[in-house]
Amino acid sequence: MSVRVRMAPSPTGTMHVGTARAALFNWLFARHHGGAFILRIDDTDRERSTSEFEKEILGSLRWLGLDWDEGVGVGGPHGSYRQSDRLHRYREIASELVESGAAYYDDRPSDQLESLRQLAQKEGRHPGHYIRRPDISADSGVIRLAIPQEAPVVVDDIVRGSVSFEAPDIDDFVILRSNGTPTYHLASTVDDVDYDITHVARGEDLLPSTPKHILLTRAMGYVEPLYAHLPLLFGTDGRKLSKRHGATSLSEFRDDGFLPDAVFNYLAILGWSLDAETTVFSREQAIEAFELTDVSKSPAVFDPEKLTWMNGEYVRAMGSEEFTRLVRPDVERSVGRPLSHDEWERFEEIAPLVQERTKLLPEAGDQVTFLFNDIDEYDEKSWSKVMARKGVPAVLDEGLTRMSALEVWDAPSIEATLREMPESLGIGAGKAFQPLRVAVTGSSISPPLFESISALGRERTLDRIGRARQKLG
RNA sequence: GGUCCCGUCGUCCAGAGGCCCAGGACGCCGGCCUUUCAAGCCGGAAACGCCAGUUCGAAUCUGGUCGGGACUGCCA
C-alpha cells in the first residue's frame with residue numbers, strides 16, 4: 001500500500017511551531033515516498049474550536065508551503081475531513097464496541113473516579129489499576145474501552161524502537177463522552193482507520209496514548225498503522241516551548257519578517273539532518289533525503305538566533321528583484337507612507353546593498369528611511385561620537401564644495417571626488433567619511449556612503465550637509 | 001508518586017565497535033578585508049552526564065546511577 005500520512009491539528013489555537021514541525025516531517029515523508037499528505041481537522045472539542053483558528057492554521061500551512069492532497073479545503077474521497085461532521089460515525093463505532101463487549105457504559109460520578117485515582121496515587125500504582133469496569137453494569141454515561149489484561153501492548157515505533165506497556169498500566173479510557181461526542185482517542189483512531197492512514201508521525205507527548213490507540217484499532221477489527229513519535233521542541237530554557245519563549249506561532253514568524261523557505265529549512269534541522277555537513281538546503285534536497293528512521297530521539301531546543309541567521313542566508317540568496325518586491329511593504333511601513341514611482345526607483349538603486357544587510361525583512365525598511373524622510377533628529381550617539389570633533393566643519397565644507405562641482409551624479413563620480421578628500425585634508429578616511437555619513441543619513445551606521453548619496457540625489461544631499469554644517473555653527 | 005521517553009560542544013545536527021586525542025552549523029572570542037554596519041574569509045575556545053561491565057579496542061553494546069522531559073482529564 002502506498003504511504004498515506006496525515007496532519008490533524010485542533011483549531012483551538014494558532015499554528016504552533018511544534019505542530020508545524022510535525023506537519024513538515026509528515027509532508028516530507030509523503031513527498032519522499034510519493035504518498036498522500038492529508039489534512040484533517042480534529043475539532044471534537046466544540047467548546048474551544050473556532051473557524052478563525054481553522055483558517056489561521058490552513059493559512060499557516062500554505063504559507064510554509066506544505067500542500068496537502070486530501071482534506072479540509074481540497075476535499076477527497078472521505079467527506080469533509082472535519083471530525084465535527086463525523087460524530088455519527090464515532091457513535092456508531094462506540095456502540096458496536098459496547099455490543100461486542102470491548103467497551104462498556106460507565107455512569108460513575110466523577111468524584112468517585114477521582115478517589116480511585118487518588119487511591120492509585122497513594123499506593124504508587126498507575127490509575128489503570130483502578131479505572132476498570134465496575135461490577136454493576138450501566139446503560140448510560142460515558143463509554144470506556146475495556147483494556148484486555150492478558151498481554152502487554154508493544155508499540156513498534158519507527159524512531160524509538162520497541163516500547164512496551166503493561167496492560168494494568170493502561171486505564172479503561174473514555175472513548176465517548178456522556179454528551180455523545182467522541183474523545184480525541186476515538187475520533188483520531190477511527191479516522192486513521194477510515195482514511196487508510198499507513199503511518200502516524202506525531203509528537204512524543206502522544207506516545208503514552210499510543211497503546212490505547214492500538215488497542216482501540218484492534219478492537220475495531222483492524223491492524224494499526226506504523227507509528228513514529230517525534231522529539232518535542234523545547235524553549236531555550238529547556239522547557240516545553242510556550243508563549244514565554246517569544247514567538248511560537250507560525251503567523252508571528254511571518255509577521256516578524258521570516259521567509260517560509262527559511263522556516264521550512266530551520267524546522268527540518270530540528271531532529272533531522274540532510275547529512276553530516278549541510279545546514280542550508282532546498283525543499284527538493286530534503287524530500288530526496290528524508291526518512292522517518294533518521295529522525296532523532298532527543299528533544300530539540302528551538303533557537304530563534306539560528307533561525308534568524310538562516311533567514312539572512314535566504315534573504316541574501318534570493319534575486320534582487322524578488323527582494324525588492326518582498327520588502328516594499330516593510331519599507332513603506334518604516335517610511336510611514338506609500339512611495340511614489342520615483343521614490344521607489346531611488347530605493348531600487350541601493351536595494352542590493354540593503355539586501356546584504358538584511359536578516360529580517362523589516363530591517364530593510366529601517367535602513368532606508370533616510371532616503372525618503374527628512375532627518376528630524378540625528379542619532380544621538382552618532383552625533384556625539386562623530387560630529388563633536390574638531391575639523392568636522394572643514395570636512396563638511398570640503399564635501400559640499402566637491403559634490404556641488406560634480407557634473408555627473410552617480411556613485412562612481414561621487415566616490416572619485418570624495419576619495420581625494422582624506423589626502424587633501426590630511427586626515428584619515430574614517431574622519432573624512434563618517435561626518436558625511438551622519439550628515440546625510442542621520443546615523444553613523446548606514447548602507448555604503450557613495451551609493452547612499454547617489455540614491456538620495458544631489459539636492460537633498462547638499463541640503464542635508466548644509467544643515468548639518470549649520471547645526472555645528 | 002506511577003508509567004514511559006531522552007542524555008555528544010551553550011544550542012541544532014554527524015557519528016550505527018577501530019576511519020574520533022570526535023566532524024559540520026548557530027552563537028561566542030581573535031584576526032583579515034574595510035569609510036560605518038553587515039557580508040565574506042582565516043583562526044580559536046567549547047562536548048561523548050557519571051560508574052561499572054563486555055571487548056584486543058566503546059561516543060557507539062549491557063547494567064546501574066544521576067539528570068531532564070512527557071503522560072497520568074468526559075483536552076488534544
Side-chain angles (χ1 to χ4, degrees), chain A residues 8-10 12-13 42-45 47-49 106 110 113-114 117 120-129 131 141-144 155 157 160 163-166 168-171 173-179 181-185 187-188 202-211 229 231-232 234 236 238-240 266 269-280 296-303 305-310 312 316 353-359 363 367 382 386 415 418-419 421-422 428-438 441 443-450:
Chain A
S10 289
T12 54
D42 280 14
D43 57 351
T44 52
D45 183 350
E47 299 297 307
R48 297 193 297 144
S49 297
D106 181 4
S110 58
L113 293 163
E114 183 50 36
R117 287 199 182 86
Q121 161 103 253
K122 198 177 128 211
E123 296 187 352
R125 322 178 81 161
H126 190 98
H129 286 78
I131 308 293
V142 302
I143 295 180
R144 293 180 183 277
V155 181
D157 195 275
R160 271 148 229 288
V163 182
S164 181
F165 295 84
E166 296 299 326
D169 294 332
I170 306 167
D171 57 286
F173 60 101
V174 173
I175 59 176
L176 201 73
R177 301 184 186 108
S178 51
N179 68 3
T181 61
T183 60
Y184 161 73
H185 300 302
S188 176
R202 68 214 326 191
E204 192 201 332
D205 49 344
L206 286 166
L207 185 52
S209 294
T210 304
H229 286 91
L232 259 21
F234 286 173
T236 38
R239 306 189 67 86
K240 196 175 167 181
Y266 181 67
I269 63 168
L270 256 28
W272 182 76
S273 69
L274 187 77
D275 57 40
E277 325 278 81
T278 317
T279 304
V280 181
S296 152
K297 292 195 238 281
S298 45
V301 173
F302 185 90
D303 179 9
E305 271 196 350
K306 190 163 183 175
L307 205 209
T308 303
W309 160 79
M310 187 165 276
R316 268 173 268 120
L353 298 172
V354 174
Q355 183 176 355
E356 280 177 47
R357 290 161 173 75
T358 301
K359 282 190 173 131
E363 295 168 357
Q367 292 176 53
S382 300
V386 174
E415 172 161 10
L418 293 186
R419 282 280 181 204
M421 275 180 55
K431 287 213 161 51
F433 297 138
Q434 283 302 81
L436 290 175
R437 187 189 304 283
V438 174
T441 71
S443 166
S444 61
I445 298 171
S446 82
L449 185 59
F450 311 126

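Model, not experiment: these values are computed from the prediction. Note on naming: letters A, B, ... go to the chains in the order of the sequence lines (proteins, then strands), and numbering restarts at 1 for each one. Both backbone and side-chain heavy atoms feed into the values below; hydrogens, waters and symmetry mates do not.
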Proximal nucleotide (of B:C71, B:G23, B:C12) relative to the A:Glu277 side chain | B:G23

Within the structure, does a side-chain N or O atom of A:Thr44 lie under 4.0 Å from either OP1 or OP2 of B:A76?
-> yes

Any N/O donor-acceptor pair, A:Lys297 side-chain to B:C6 base, under 3.5 Å = no

If you restrict it to nitrogen or oxygen atoms, what contacts under 3.5 Å exist between nucleotides 39-50 of chain B and the protein, and what is each distance?
residue: B:A39; atom: O3'; partner: A:Arg316; partner atom: NH1; Å: 3.3

Please confirm whether any donor atom in the side chain of A:Ser446 sits under 3.5 Å from an acceptor in the base of B:C37, or the reverse.
-> no

A:Leu206 has its side chain closest, among B:G24, B:C5, B:A76, to B:A76

Nucleotide nearest A:Asp205 when distance is taken to its side chain, options B:G73, B:A70, B:C4 = B:A70

OP1 or OP2 of B:C74 less than 4.0 angstrom from a side-chain nitrogen or oxygen of A:Arg144, does that happen here?
-> yes

Are side-chain heavy atoms of A:Pro448 and A:Glu415 found at a separation under 4.5 Å?
-> no

Ignoring backbone atoms, test whether A:Arg117 places a side-chain nitrogen or oxygen under 4.0 Å from the OP1 or OP2 oxygen of B:C74.
-> yes

Looking only at side-chain atoms of A:Asp169, point me to the closest of B:U3, B:A25, B:G27.
-> B:U3

Taking the same atom, C1', in B:G63 and in B:G1, what whole-Å distance lies between them?
-> 25 Å

